[in-house]
Q: 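Mind having a look at this structure? Questions to follow.
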Amino acid sequence: MLKTLIKKEMMETVYDLRFVIASLLFITLIPLSMYVSRIDYEQRLSAYQQESRIWRARHGTPEWDSKGHGFRAPPVLSVFVLGLDPYLPDKVVTDFSGVFQTVKEPNTDGALAVLLGQIDFRFCMVYVVSLMALVFTFNTVSGERERGTLRLLIACSVPRGVLLFCKWLSKTLVLIVPFLVAVCIALLVLIASPQIDLNTPQLVYSIAAILGISLLLIVCMTILGVCISTYATGSLQSITLLLTTWVILVLGIPKVTPMIANIIRRPECRRVVSMRKTALTEDLMAEFYDRREKEIASLYGVGPDEYETRRNGLMIIGKHKLTPEAFQALMNEVKDHKEQLWRQYRHRIPRELEKIEAQYQNQLQATHTLTMVLSRLSCLSCYIYTIADLAGTGIHEPRNYMDNAKRYQDQISQLLYNNIIVHKRRLSWEKGFNPSQMPPLPDMQYARPNLKTIISRRLWDVLLLVFYSVLFYSLAFFRLLKYDVR
Amino acid sequence: MWHTLIIKEIKQSFLETSSVVLTLLCLLIIPLALYVSTKDYESRRESYLSERQDYRSRHEKDVGFNVEVHGFRPPAPLSIFCGGVSPLIPDEVVTSRSGLYRSVKETATDSPHALLLGKVDYTYCLIYVVSLAALTFTFGCISMEKESGSLSLVTSNSIPRSVLLLSKVTGRYLAFIVPLLLSVTLGLVIINHSPLISVFSVEMMPTIGVIVCVSLLFVLCLMCLGICVSTWTHYSINSMVVVFLVWTVMILAIPKLSPRIARALYPIDSSTTFRIKRTMLAEDQHDAFVKAREALKEACFAECGAPNEDLLSLPPQTEEGKKAIELYDQRIIPLSQTYQNQKARKLKQLDQDYLNQQKAQNRLALGLARLSPVTCFICTVSELCKTGMHEPDNFNDNAQRFQDQVKKAIYDQYTLREYKGSIMPIYPEGFNRDLIKVPEMSYRYPRLAQSLERVGLDILLLALYMVLFCGVGLIKMNRYDVR
């Protein structure tokens with residue numbers, strides 16, 4: 001019986017115009033979106049390689065005022081989900097003060113794409129596939145109820161649970177076939193790229209995970225469609241309810257909740273925090289220069305702008321009249337004192353800045369937690385968070401970027417900046433350090449979290465997707481059980 | 001008859017479930033979207049004011065020789081209605097002595113969820129929610145009547161088919177815009193509540209009026225499309241499916257794929273490549289200037305007969321060395337000016353060439369994207385809200401104006417002497433540093449008339465699409481066989 005029912009439902013669905021339209025849409029849009037994403041990725045990768053190579057060729061050799069430039073390669077899986085990638089900084093610029101800067105070059109290249117919106121695999125899933133899933137299933141039960149065939153079916157002593165299950169399963173299977181065909185074509189488009197190598201196990205598993213989650217979303221949406229169909233009395237009512245639900249789940253909840261969370265718990269703006277950091281750095285540097293002058297003057301009696309002169313074989317500087325050897329010894333003491341003071345401030349500046357950053361991150365974390373809770377009311381949000389993280393363009397990526405930037409700053413500091421001493425108008429190298437023996441400044445090694453970490457982070461979202469599916473199915477089941485055939 | 005048919009359509013629309021659902025949806029989503037957009041604008045405005053104040057308090061008197069004056073761009077008030085390209089527009093301009101300004105864009109990852117999930121504004125609601133609702137409202141107009149058999153009864157009453165079709169369009173449209181206008185009015189009241197915005201002011205009201213009118217035209221266009229599709233199908237289910245296909249293609253596919261197709265057809269250098277070329281050109285020009293400067297220095301010292309040791313010491317020890325320095329000070333000014341002008345000219349040429357290429361590509365992309373009425377709508381509203389495709393050019397104009405202002409106020413007041421790595425200003429006679437004020441950037445947005453001129457074509461296209469869909473629907477309706 002199960003087999004017969006499933007076969008019947010599948011035949012009915014395949015002969016429907018909806019199947020043709022869904023197949024057409026999937027097979028056109030998904031590979032096409034993958035193709036444009038691939039071209040876009042190749043362009044971004046080429047730009048990154050070119051910039052990195054040229055910078056290294058022209059500025060790689062360390063000098064007095066060397067600032068290390070660390071460039072970030074675009075993640076391969078951003079072809080699936082562009083996510084936060086366009087908003088992340090293009091490069092990290094290190095500085096001897098210990099404070100790195102992240103630079104995002106203004107880019108009006110893609111102005112029209114930003115105005116009209118971008119298309120990628122995630123977009124196709126969220127807007128096209130989810131809508132088609134609802135269109136496929138909206139009249140599963142309500143249509144049969146309208147035509148009067150539902151009571152005939154039930155009168156044939158078919159268990160209602162079996163009936164519901166067969167209807168849902170057949171619709172889902174028929175919808176998944178063109179989807180999988182489209183995905184296969186899309187993967188072929190991706191493999192055809194000379195710049196994308198999918199042979200890494202991490203990439204293969206990530207792609208498999210993305211596809212798995214996408215299938216879970218399709219299952220969830222088809223169950224939702226069947227559920228609403230059990231509650232509606234006719235097809236028109238069904239479609240109206242389904243569209244309203246779709247608008248709320250796809251357009252309403254995910255987009256409104258972050259803004260509501262920002263209103264409830266508004267953190268400070270990043271620009272204001274950056275300005276505060278810059279101001280603090282300037283203040284601390286001014287304090288350092290001031291303190292250095294005062295201490296040198298009080299401890300050694302040497303003013304800031306005083307130069308030595310020679311008279312009658314003696315060196316005269318400030319109140320001192322010294323022999324050349326004594327003068328040299330005094331100058332060495334002054335130099336050691338300055339270097340010691342600079343080392344103090346070189347550690348103090350990043351520490352103070354980290355306090356401001358930590359405070360800001362705490363504010364952000366509170367807002368982010370609230371946003372996550374509110375946005376997870378929609379299964380689409382759970383889906384988006386998961387695949388964005390799998391693609392390396394999710395909400396944890398800004399934090400990951402800052403960690404990488406800090407690591408790069410520390411690396412350059414260890415190689416170069418820790419050997420620089422700051423004087424009033426010049427810089428000098430630490431004793432025994434020879435800059436000509438140093439290799440060119442290294443590139444930033446950008447580390448991304450592994451698949452296990454991502455899955456452990458997003459386990460809740462996957463479980464929520466399963467939970468929503470079970471919830472919608474249960475609601476549909478209980479509603480069908482209560483259906484009165486008379 | 002006309003009157004009767006319209007009333008009948010209106011009554012029918014109001015009695016349908018979809019009408020109730022639509023009203024609730026509009027009354028919920030549009031005011032909510034306007035509310036959150038208003039709060040977002042308030043937050044951006046606050047950070048702009050705070051940043052500007054912070055800068056002014058620390059750097060108001062800073063007119064030193066190496067000063068780079070910062071100008072800040074305020075957020076556009078009408079960006080509440082349409083965010084447009086504002087995520088791409090720089091927030092800050094940094095001027096320089098060389099005459100070339102730099103634009104700064106802070107990374108905006110404060111709210112990664114909003115960036116990942118997308119932001120909602122008035123334009124978004126209209127494109128995705130109202131458009132879908134408009135099509136759902138009208139997909140069964142004709143096909144359902146065909147299915148139920150009532151269309152043949154109506155047409156057998158010797159009612160002109162054009163009158164029938166147009167009364168359906170009119171009746172449905174009037175029933176649809178009531179909840180829409182209610183929700184927009186509610187939204188405007190919410191916006192007006194904000195202390196930073198006055199909706200009913202002389203500056204904002206005309207533009208908002210135009211935006212609402214264009215929105216109503218857009219909705220009418222889509223309703224004509226829905227009815228047109230309905231005339232081509234015989235069953236409401238098929239109507240609905242075709243309408244979704246059309247919606248997907250027109251709203252989702254065409255506008256989003258057009259820029260990519262244009263890039264494939266007319267490829268240009270990416271902005272990163274252009275930036276690299278620009279930086280390399282600037283560095284090469286700087287290196288050339290440094291070489292010329294060193295050569296000038298040596299020439300001056302040789303001319304005055306100063307010893308080589310004076311070239312290495314600062315200040316020079318001999319009288320000839322001091323004379324050589326004075327000679328160098330005189331000659332460095334025109335040399336520096338020449339190289340600055342040359343650098344600025346070459347960079348401007350490079351910028352202009354790239355801009356022309358970008359414009360050509362954008363024109364192609366827009367041409368393709370205008371196959372969908374949604375693109376016409378987005379371009380119109382974003383231009384009226386000062387967040388459209390012309391805003392990057394407007395930013396550059398404002399930035400250049402600010403650069404010229406700062407150059408006149410500060411950089412042209414004195415010249416610099418670069419000698420052995422140290423830079424010293426050379427002040428003219430009677431110069432008083434305290435009299436110099438650091439200018440502030442006053443950012444200008446284009447006027448309504450200018451914006452309307454730019455969007456005239458898009459508004460015309462929207463009207464044309466409306467006529468086209470109506471016309472096609474009418475042709476099909478006239479060919480309908482009642483048997």
Side-chain angles (χ1 to χ4, degrees), chain A residues 17-18 21 25 29 32 36 43 47 50-51 54 83-84 87-89 102 104-109 111-119 127-128 131 135 235 237 239-240 243-244 247 251-252 254-256 258-260 262-263 266 269-272 274-275 279 368 371 375 381 384 388 395 398, chain B residues 17-18 21 25 29 32 36 39-40 43 47 50-51 54 58 84-85 87-88 90-91 103 105-120 128-129 132 136 237-238 240-241 244-245 248 252-253 255-257 259-260 270-273 275-276 362 365 369 375 378 382 389 392:
Chain A
L17 179 63
R18 284 176 280 178
I21 302 272
L25 274 176
L29 278 181
L32 195 55
V36 298
Q43 235 179 6
Q50 193 182 19
E51 198 168 6
I54 289 175
L84 294 180
Y87 303 101
L88 292 174
T102 54
K104 173 81 195 152
E105 300 285 353
N107 173 14
T108 48
D109 221 5
L112 198 56
V114 167
L115 187 64
L116 302 177
Q118 311 228 39
I119 190 168
Y127 288 91
V128 180
L131 189 58
V135 166
S235 302
Q237 201 182 62
I239 194 65
T240 311
L243 283 176
T244 312
V247 163
L251 307 179
K255 293 180 193 304
V256 168
M259 294 165 105
I260 288 176
N262 262 340
I263 293 166
R266 200 195 309 180
C269 180
R270 165 62 76 182
R271 281 163 61 184
V272 170
S274 299
M275 196 129 232
H368 290 176
T371 309
S375 60
S381 303
I384 293 169
I395 51 170
Chain B
T17 322
S18 53
V21 170
L25 211 56
I29 290 214
L32 186 61
V36 294
K39 288 290 169 197
D40 180 56
S43 143
S47 24
S50 156
E51 200 176 354
D54 233 350
R58 293 178 74 86
V85 300
L88 292 184
D91 304 308
S103 36
K105 177 75 192 161
E106 276 281 348
T107 51
T109 47
D110 279 1
S111 182
H113 297 84
L115 294 174
L116 186 64
L117 301 173
K119 282 190 176 177
V120 66
Y128 291 99
V129 181
L132 198 54
T136 315
I237 291 273
N238 291 350
M240 187 206 63
V241 174
F244 281 132
L245 173 65
T248 307
L252 305 184
K256 291 174 199 310
L257 288 172
R260 308 293 178 151
S270 69
S271 60
T272 311
T273 308
R275 207 175 56 243
I276 293 169
N362 282 342
T375 308
I378 295 173
S382 62
M389 290 297 296

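The chains referred to below are lettered A, B, ... by the order of the sequence lines, with proteins before strands, and numbering in each begins at 1. The figures that follow rest on heavy atoms only: side chains count, while hydrogens, waters and symmetry mates do not.
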Q: Under a 3.5 Å cutoff, is there a donor and acceptor pairing between the side chains of T272(B) and Q50(A)?
A: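 Side chains of T272(B) and Q50(A): no pair found under 3.5 Å.
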Q: Specify which of V135(A), T240(A), L115(A), L32(A) makes the most heavy-atom pairs with chain B at under 4.5 Å.
A: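 Answer, by heavy-atom pair count under 4.5 Å with chain B: L115(A).
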Q: Need one label for I54(A): side chain, backbone, both or neither, based on atoms under 4.5 Å from any heavy atom in chain B.
A: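 Interface part for I54(A): side chain.
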Q: For residues H368(A) and P112(B), report the shortest heavy-atom separation together with the two atoms involved.
A: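 Looking at all heavy atoms of both residues, the closest pair is NE2-CD, 3.3 Å.
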Q: I260(A) versus V36(B): any side-chain heavy-atom pair under 4.5 Å?
A: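 Of all side-chain heavy-atom pairs linking V36(B) with I260(A), at least one is under 4.5 Å.
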Q: S50(B) versus chain A, heavy atoms under 4.5 Å apart: side chain, backbone, both or neither?
A: side chain
Q: Any idea which heavy atoms bring L112(A) and N362(B) closest together, and the distance?
A: CD2-O, 4.0 Å
Q: Let me confirm one number: the CE-CG distance from M259(A) to L117(B), rounded to the nearest 0.5 Å.
A: 11.5 Å
Q: Nearest 0.5 angstrom please: M240(B) CE to L17(A) CG, how far?
A: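 One finds 9.5 Å between CE of M240(B) and CG of L17(A).
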Q: Just verifying a value: how many Å separate I263(A) CD1 and D40(B) CG, rounded to the nearest 0.5 Å?
A: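 These two atoms lie 8.5 Å from each other.
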Q: Where does S382(B) contact chain A at under 4.5 Å (heavy atoms): side chain, backbone, both or neither?
A: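 Side chain only.
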Q: What residues, two or more places apart in sequence or in another chain, satisfy side-chain hydrogen bond (donor to acceptor under 3.5 Å, both in side chains) together with S235(A)?
A: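 Only E146(A) meet the side-chain hydrogen bond (donor to acceptor under 3.5 Å, both in side chains) criterion with S235(A).
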Q: Please look at D54(B) and chain A and tell me whether the side chain, the backbone, both or neither of the residue comes under 4.5 angstrom of a heavy atom of that chain.
A: side chain
Q: Check whether T248(B) gets within reach of chain A through its side chain, its backbone, both or neither, counting any heavy atom under 4.5 Å.
A: side chain
Q: Could you give the distance from CG (L132(B)) to CG (L243(A)), rounded to the nearest 0.5 Å?
A: 5.0 Å
Q: Can you say whether V120(B) sits under 4.5 Å from chain A via the side chain, the backbone, both, or neither, judging by heavy atoms?
A: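 Both parts, heavy atoms under 4.5 Å.
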Q: As an exercise, state the distance from CG of L84(A) to CG of L115(B), rounded to the nearest 0.5 Å.
A: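 Rounded to the nearest 0.5 Å, the CG-CG separation comes to 6.0 Å.
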Q: Considering only heavy atoms from C-beta outward, does the side chain of L131(A) approach that of F244(B) to under 4.5 Å?
A: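 L131(A) reaches F244(B) side chain to side chain.
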Q: At a heavy-atom separation under 4.5 Å, does L29(A) approach chain B through its side chain, its backbone, both, or neither?
A: side chain
Q: Should K39(B) and N262(A) count as side-chain neighbours, where that means a heavy-atom distance under 4.5 Å?
A: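 Side-chain contact under 4.5 Å: no.
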Q: Go through I119(A), V247(A), L251(A) and name the one with the most non-hydrogen pairs under 4.5 angstrom from chain B.
A: L251(A)
Q: If you count heavy-atom pairs under 4.5 Å between each of G83(A), S375(A), A47(A), G252(A) and chain B, which one has the most?
A: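 Going by pairs under 4.5 Å, I would pick A47(A).
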Q: Do you know which two heavy atoms are closest between L116(A) and P259(B), and how far apart they sit?
A: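 Reported closest heavy-atom pair: CD1-CG, 4.4 Å.
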Q: Indicate the atoms forming the closest heavy-atom contact of K119(B) with K255(A), along with that distance.
A: O-CD, 4.2 Å
Q: Side chain, backbone, both or neither: which part of L32(B) has a non-hydrogen atom closer than 4.5 Å to chain A?
A: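 L32(B) touches chain A through side-chain heavy atoms alone.
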Q: Under the rule for side-chain hydrogen bond (donor to acceptor under 3.5 Å, both in side chains), what residues qualify as partners of S381(A), not counting sequence neighbours?
A: none
